[in-house]
**Student:** 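Below is one structure. I have some questions about it.
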Amino acid sequence: MDRLFRRRLEARFGDRLTGPVRQRHDQTEIRIAAADVADILRTLHDDPEWRFELLADLAGVDTGTHMQVVYHLWSVTSPDWLRVIADGLCRDDPRIPSVTFLWKGAEWMEREAYDMFGITFEGNRDLRRIYMPPEYTSFPLRKDFFLADDAARSPGGGVRPMERSHSPRDAAPGAVRQVRA
Amino acid sequence: MTVTRNLLPPHASADDPRITLDEEVGGIFENVPPYPPRTEREAEFYTLGDGEMFINMGPQHPSTHGVLRVVLKLDGEKVVDLDPVLGYLHRGVEKLCENADYHQVISQVDPLEYVSSLFCEWSPVMAFEQLLDVEVPRRAEYIRVLSAELNRIASHALFAGWMALDLGGLTPILWSFIERDEIVEMLASLTGQRMLFNYFRIGGVNGDLNHDFMSRLGDWMSRAVKQIDNDTGLLNENEIFVRRMRGLGVLDRDTALRMCATGPNLRATGVPFDVRRAHPYSIYPEIDFDIPTRTEGDCLARYLLRMDEVKQSLRIIDQCLHQMPDGPIMAKLPRLLRPRPGRAYASIEGPRGQYATYAISDGTDQPFRMRIHDPSFIHLQMVGLLTPGNLVADTMAIMASLDPIMGGVDK
Amino acid sequence: MTVVARTWQRLTIPGRVLLALLVVGALLTVPLVLLIVFSDELLAIVGANLPIVRFVVAATAILLMTIPTAFVIIYIEMKGIALMNLRIGPDRVGPFGSLLSVVHGLKVLMKEDFTPTGADPTVFTWAPVVVYLASVMSLLVIPFAPGLFGQDMNIALLYFFAVGGLTVVGLLMAGWSSFNKYSLLGGLRSAAQVISYEIPLTLSVVGLLILAGTMSLNQLVLNQSGWFTNWYVFQQPLGALIFFIAATAEANRTPFDLTEADSEIVAGFATEYSGMRFGFFFFAEYVNVFIISALTVTLFFGGWNSPFPMPDIRLALDPGSLGIGLLLVIALVPLIGTLLFAAPFWLLRSSMPSWQALVLGFIVFNIVAVTLVLGWAFISFDWVAGLIWFMVKTYGFVFLFVWMRGTLPRVRIDQLMGFAWKWMLPASLLNLFVTAAAVIVVGALRGGR
């Protein structure tokens with residue numbers, strides 16, 4: 001847990017953070033708005049003070065109320081992992097600038113986020129589905145996506161928690177799992 | 001050109017418009033792809049230049065490391081461009097984990113990189129331990145490191161054999177499998193399974209070291225170095241093998257970092273980034289080992305680097321055995337786990353690269369989001385970058401040297 | 001016809017067998033009677049056209065010989081590579097799995113044999129035939145033993161290379177007519193490979209031809225008789241090496257087996273072939289291995305000559321002089337032999353029942369008798385000796401090819417072509433010039449003396 005790191009982050013990006021810098025175990029977390037992603041990540045990547053040259057992970061998250069894109073970065077300047085949460089994407093049309101101009105390897109990770117959540121990465125040259133077939137119309141990892149499961153449809157089915165959460169019976173409108181994350 | 005009737009699907013006839021007998025194109029071939037291109041890259045790829053053709057190395061192919069479809073754009077024998085098509089092994093593990101208990105996640109996550117299952121288990125388990133603020137007993141950590149390093153050696157043995165098989169040598173893969181079989185039998189006596197181990201638990205491991213495992217391990221360690229040298233000697237000194245791999249698929253430092261490469265693929269370009277040293281976890285700070293690095297960045301460097309890592313793993317195993325403390329192998333945890341709401345990220349160094357899990361918990365007994373970051377997925381992007389300009393035969397060599405496992409790529 | 005059908009249904013299996021034999025026998029009687037009645041005239045015709053008859057018999061024999069040879073070589077490869085891979089290989093079918101390749105051959109016959117849509121049917125059908133024929137026709141000139149060859153032409157070597165070049169045509173036909181990009185790639189690759197390596201192959205033996213002065217393979221073998229130092233490999237080492245490497249590439253063997261590189265382009269030119277058509281390609285490859293081994297042996301390693309001059313022993317055995325004693329010998333020797341060889345087993349292992357000892361004795365007697373007869377044939381008939389030496393040497397080289405397949409990975413197409421044109425061709429030219437210069441110089445020295 002690198003306290004100095006937290007202070008440096010607050011000093012540099014203080015006005016653009018949409019939440020406090022949180023630290024737990026060996027991870028430091030900042031929250032930014034989706035529109036600032038390109039700027040802030042470019043600063044973190046190019047600036048010799050930060051040198052976050054390694055993008056470890058790019059994940060999409062559906063919190064139930066809105067969507068997020070979470071980046072994990074690593075730099076030689078700090079022993080902590082930096083987690084950048086681009087928050088506040090609306091669930092109807094989530095859009096966020098792409099980071100493929102910094103890391104070409106993010107292309108497929110963004111494709112996966114698009115395929116699973118429907119998040120559009122503006123600037124990604126190859127935003128098409130990666131796992132699902134091209135004609136597929138749903139976004140599987142969204143919280144309002146229910147798998148048509150035999151167990152859920154059967155009359156006696158839905159006893160185990162795993163089947164119950166799949167069941168369309170439980171999917172009253174708005175009964176989507178949510179988290180404050 | 002006539003259409004042979006007994007090869008048509010039952011409902012089709014020779015007048016079926018889906019089967020175009022276009023005299024210009026030359027008959028049976030459909031448009032590739034059968035839908036208009038939707039992205040820039042697709043349009044760029046699916047436009048044929050002069051004298052180019054598409055070849056499909058389909059999901060069923062002896063040399064793609066699992067079910068992977070690669071569409072190659074060829075100019076004669078030279079590869080102009082490459083487009084991998086994934087998803088043939090997609091099982092929706094992340095979604096399944098959201099509907100499983102924290103304990104059930106471990107068996108869901110095993111088949112991701114089935115060759116090195118223990119690493120696939122380790123990363124989520126570490127993330128959950130962060131969420132639960134559980135401290136893992138030292139003996140359990142040592143056993144984890146011991147079994148994981150064994151699994152790393154097994155994975156690299158498979159890599160070496162498979163690499164040689166893709167280049168045409170029939171013998172090295174069978175010799176590597178002797179190595180792998182011995183290790184896997186050892187792990188079977190420890191964990192109960194030969195392949196999808198299901199051994200790590202949140203807070204420790206499932207079973208303690210037993211006599212059978214220790215005797216097999218001791219037996220194997222006494223001849224491991226000599227055996228590995230023997231097996232790799234068949235390849236390292238083989239002129240044909242070296243000639244085909246040297247200078248092929250050269251990855252330089254900046255490209256590797258831009259492509260988010262990790263693990264041996266990154267270290268072969270000269271960047272000494274190993275999660276075990278850069279961001280130590282478990283008991284790795286107490287163990288003395290080197291990080292092999294090479295600077296050439298070609299296929300041969302990646303292959304030799306993995307063989308060096310095997311030697312380092314043997315050192316680690318040796319130290320684990322000597323420093324193994326006594327104690328419990330599982331922390332005390334309630335049956336039903338409800339971690340605090342929050343986020344955790346755990347990253348480990350697997351045989352292919354950095355294997356990470358980002359877990360979000362909402363306070364219930366099921367994870368809210370289990371994001372699995374798999375190195376094979378990232379590295380497969382590099383095939384499209386490194387192959388153009390080389391021949392068809394080199395596609396296989398490059399793909400084999402990047403060591404993807406399709407279970408991890410497709411999740 | 002229903003009478004026949006009903007009768008057939010009512011017969012038991014032995015009855016059906018007997019009926020079939022009767023019918024076949026009846027059908028055969030007619031030609032047999034004709035043969036007996038016109039035997040004199042037939043013999044006269046045969047005698048007048050002896051060379052043609054000899055040729056027909058030789059060609060048939062060679063054609064029939066290729067299949068068992070292919071079986072044996074396939075088995076050697078499967079078992080050899082398995083043992084090199086530290087596994088067991090064929091084990092169940094026949095003793096030590098030796099009948100497995102026969103079963104493979106039968107399986108290939110029984111598979112569905114289809115022509116893919118869009119393939120050119122004529123070319124598709126004839127491609128395997130051309131490839132197979134190219135292999136089989138080359139066997140015609142190889143001398144297996146003194147007097148045991150198809151045809152002794154004085155342009156035998158030229159004929160051999162000419163016919164071997166037909167393989168290219170067959171491969172291209174296969175690759176093109178399959179209407180499949182993989183096959184096309186494979187066919188073009190193999191055509192390029194075979195053509196490139198034909199030049200070093202032919203050039204490497206020209207040095208040999210200069211030394212020997214003849215293209216007749218029979219004469220070349222006769223030139224190498226005596227001690228093994230007469231073998232041409234000692235006079236043309238570079239030529240032998242180049243020939244061996246080029247022949248490996250000609251036969252599409254590892255390390256030059258890109259055409260059938262199953263880890264890259266599935267099965268190359270043979271992707272769309274199944275059933276017996278694939279069987280033709282399959283057998284042709286192994287017959288090719290036999291041919292190049294046989295040719296290496298013939299040209300450079302003495303052919304059917306033994307490494308040392310065989311002492312001229314004549315075992316004057318004249319079984320006919322025994323008269324009635326011959327019948328007694330035939331009746332009694334197996335009996336006495338069995339008892340003789342059974343006695344040690346029966347005496348020394350008291351737990352063995354006597355019938356088991358007798359069986360073992362019979363087996364041992366058979367082995368001893370066959371060895372003795374073979375040994376006598378080896379000593380008395382020079383063609384038996386020649387054939388056995390030839391086969392031993394050829395299968396030694398076949399094993400060498402199998403060994404290379406088990407050990408080496410394959411080269412890439414551009415490395416292969418570069419090797420052929422940049423290294424093998426200049427090397428064979430060098431060999432040729434040095435040999436020619438040496439012959440002239442030595443001739444001048446000798447002539448001047």
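Throughout, a chain's letter reflects where its sequence line sits, starting with A, and its residues are numbered from 1. Quick note: numbers below take in every heavy atom, side chains included, and nothing from hydrogens, waters or symmetry partners.
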**Student:** Does the structure place the NZ or CZ of B:Lys411 under 6.0 Å from the centre of the six-membered ring of A:Tyr131, at an angle of no more than 45° from the ring's axis?
**Tutor:** no

**Student:** Below 4.5 Å from any heavy atom of chain A, which atoms of B:Ala43 appear? Answer side chain, backbone, both or neither.
**Tutor:** neither

**Student:** Hydrogens and angles aside, do B:Gln104 and B:Gln366 bring a side-chain donor and acceptor to less than 3.5 Å of each other?
**Tutor:**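 No donor-acceptor contact under 3.5 Å links the two side chains.
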
**Student:** Could you pull out all residues at least two apart from B:Ser123 that satisfy side chain to side chain contact (heavy atoms under 4.5 Å, CB included)?
**Tutor:**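 So B:Ser123 forms a side chain to side chain contact (heavy atoms under 4.5 Å, CB included) with B:Ile348, B:Tyr355, B:Thr357.
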
**Student:** How about B:Leu86 and B:Leu68: do any of their side-chain heavy atoms sit closer than 4.5 Å?
**Tutor:**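 A side-chain contact under 4.5 Å exists here.
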
**Student:** Below 4.5 Å from any heavy atom of chain A, which atoms of B:Tyr345 appear? Answer side chain, backbone, both or neither.
**Tutor:** both

**Student:** Given a strict heavy-atom distance threshold of 4.5 Å, which part of B:Thr255 is in contact with chain A: side chain, backbone, both, or neither?
**Tutor:** neither

**Student:** Given that the side chain runs from C-beta out, which part of B:Asp83 has a heavy atom under 4.5 Å from chain A: side chain, backbone, both or neither?
**Tutor:** side chain

**Student:** Check whether A:Val70 gets within reach of chain B through its side chain, its backbone, both or neither, counting any heavy atom under 4.5 Å.
**Tutor:** side chain

**Student:** Does a sphere of radius 6.0 Å around CZ in B:Arg340 hold more than 12 heavy atoms from other residues, nucleotides or ligands, not counting ones at 6.0 Å or beyond?
**Tutor:**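 Yes, because the 6.0 Å sphere around CZ of B:Arg340 holds more than 12 heavy atoms from other groups.
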
**Student:** Using the six-membered ring of B:Tyr358, assess whether NZ or CZ of B:Arg371 lies under 6.0 Å from its centre and within 45 degrees of the ring axis.
**Tutor:** no

**Student:** Using non-hydrogen atoms only, which part of B:Gln354 is less than 4.5 Å away from chain A: side chain, backbone, both, or neither?
**Tutor:** side chain

**Student:** May I ask you to check whether B:Phe54 and B:Phe45 place their ring centres under 6.0 Å from each other?
**Tutor:** yes

**Student:** Using a 4.5 angstrom heavy-atom cutoff, name the option from B:Ala344, B:Ala356, B:Gly92 with the most pairs to chain A.
**Tutor:**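 Between B:Ala344, B:Ala356, B:Gly92, the count favours B:Ala344.
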
**Student:** What part of B:Leu385 lies closer than 4.5 angstrom to a heavy atom of chain A: side chain, backbone, both or neither?
**Tutor:** neither

**Student:** Which residue out of B:Asp410, B:Val85, B:Leu266, B:Leu257 racks up the most heavy-atom pairs below 4.5 Å with chain A?
**Tutor:** B:Asp410

**Student:** Would B:Glu98 and A:Lys143 pass as an ion pair if we require N to O under 4.0 Å?
**Tutor:** yes

**Student:** Assess the residue pair B:Met399 and B:Val70 against the criterion (side chain to side chain contact (heavy atoms under 4.5 Å, CB included)); give the C-alpha distance rounded to whole Å, side-chain angles, the decisive distance to 0.1 Å, and a yes or no.
**Tutor:** CA-CA 11 Å; B:Met399 203 183 300; B:Val70 176; 4.0 Å; yes

**Student:** Where on B:Ile378 is there a heavy atom nearer than 4.5 Å to chain A: the side chain, the backbone, both, or neither?
**Tutor:**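 B:Ile378 touches chain A through side-chain heavy atoms alone.
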
**Student:** Between A:Arg83, A:Glu29, A:Met132, A:Glu53, which residue shows the highest count of heavy-atom pairs closer than 4.5 Å to chain B?
**Tutor:**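 The option with the most such pairs is A:Arg83.
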
**Student:** Using the benzene-type ring in the case of Trp, are the ring centres of B:His279 and A:Trp81 under 6.0 Å apart?
**Tutor:**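 Here the rings of A:Trp81 and B:His279 have centres that are less than 6.0 Å from each other.
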
**Student:** Strictly less than 4.5 Å between heavy atoms, which residues of residues 94-112 of chain A line up against chain B? Please order them by number.
**Tutor:** A:Leu102, A:Trp103, A:Lys104, A:Gly105, A:Ala106, A:Glu107, A:Trp108, A:Met109, A:Glu112

**Student:** Is it the case that A:Arg8 places NZ or CZ above or below the six-membered ring of A:Trp50, under 6.0 angstrom from the centre and within 45 degrees of the axis?
**Tutor:** yes

